[in-house]
K.L.:
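Right, I'll just put the structure down here and ask away after.
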Amino acid sequence: MFDGLGQQAVIHIVVNVFFIGVTWWALQSFRFDLFVKEPKGPKAKVLMIIVTIAIAQLVSQFFLDYFYSSQMLRYLFE
């Protein structure tokens, strides 16, 4: 029983870190300088990190929900 939980935890961590990286990479093309006073300041950097984590959380949660739901489909016909 606990082996499955450990595997799910590893998958969850890997997917979250992957989507944080992808989101950070994608947001590099977004022009934050249009929305903040000092785009090179520490507040803008913290905002970029928070936005990255928030978007990555939403995307990874969607991906993990879809993945786990598709794994449960095999129990539909049992």
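For clarity, every value in this text was computed on a predicted model and none was experimentally measured.
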K.L.:
Just jot down the side chain to side chain contact (heavy atoms under 4.5 Å, CB included) partners of I55, sequence neighbours excluded, or say none.
P.N.:
T23, L27, V51, V59
K.L.:
Determine which pairs satisfy salt bridge (charged side-chain N to carboxylate O under 4.0 Å, His left out) with at least one residue from residues 49-58, sequence neighbours left out, and list them in order.
P.N.:
none
K.L.:
Could you give the distance from CD1 (I20) to CD1 (I49), rounded to the nearest 0.5 Å?
P.N.:
10.5 Å
K.L.:
How long is the straight-line distance from CD1 of I13 back to CG of N16, given to the nearest 0.5 Å?
P.N.:
8.0 Å
K.L.:
My understanding is that only residues two or more places apart in sequence, or in another chain, count here; which of them pass side chain to side chain donor-acceptor pair (under 3.5 Å) with R31?
P.N.:
D33
K.L.:
Go through the structure and list residues passing ring pair (Phe, Tyr, Trp, His ring centres under 6.0 Å) with F32, not counting sequence neighbours.
P.N.:
F30
K.L.:
Do you know the tightest heavy-atom contact between A44 and P39?
P.N.:
CB-O, 3.5 Å
K.L.:
Mind jotting down which residue pairs meet the salt bridge (charged side-chain N to carboxylate O under 4.0 Å, His left out) criterion with at least one end in residues 50-77? Sequence neighbours excluded, please.
P.N.:
none
K.L.:
Only pairs at least two apart or in different chains count here, so list each side chain to side chain donor-acceptor pair (under 3.5 Å) that has a residue in residues 36-54.
P.N.:
none
K.L.:
Suppose clustering is done on Ile, Leu, Val, Met, Phe, Trp and Tyr with side-chain heavy atoms closer than 4.5 Å. Which residues sit in the same group as Y75?
P.N.:
M72
K.L.:
Mind checking what makes side chain to side chain contact (heavy atoms under 4.5 Å, CB included) contact with V14, not counting sequence neighbours?
P.N.:
V10
K.L.:
Considering residues at least two apart in sequence or located in another chain, which fulfil the side chain to side chain contact (heavy atoms under 4.5 Å, CB included) criterion with Q28?
P.N.:
W24, M48
K.L.:
Would you please test H12 and Q7 for side-chain contact (heavy atoms from CB on, under 4.5 Å) and show each step?
P.N.:
CA-CA 9 Å; H12 199 85; Q7 290 172 353; over 6 Å; no
K.L.:
Holding to ring pair (Phe, Tyr, Trp, His ring centres under 6.0 Å), I want the full list of residues that pass it with F18, two or more places apart in sequence or in another chain.
P.N.:
none
K.L.:
Among all residues two or more places apart in sequence or in another chain, which pass the side chain to side chain contact (heavy atoms under 4.5 Å, CB included) test with V15?
P.N.:
I11, F19, S60, F63, L64
K.L.:
How is the hydrophobic cluster of I50 composed, in terms of its other members, when Ile, Leu, Val, Met, Phe, Trp and Tyr link through side-chain heavy atoms under 4.5 Å apart, directly or indirectly?
P.N.:
V46
K.L.:
What is the distance from atom CD of Q8 to atom CZ of F67, rounded to the nearest 0.5 Å?
P.N.:
9.0 Å
K.L.:
Is the backbone of Y66 close enough, under 3.5 Å, to the side chain of S69 for a donor and an acceptor to pair up by distance?
P.N.:
no
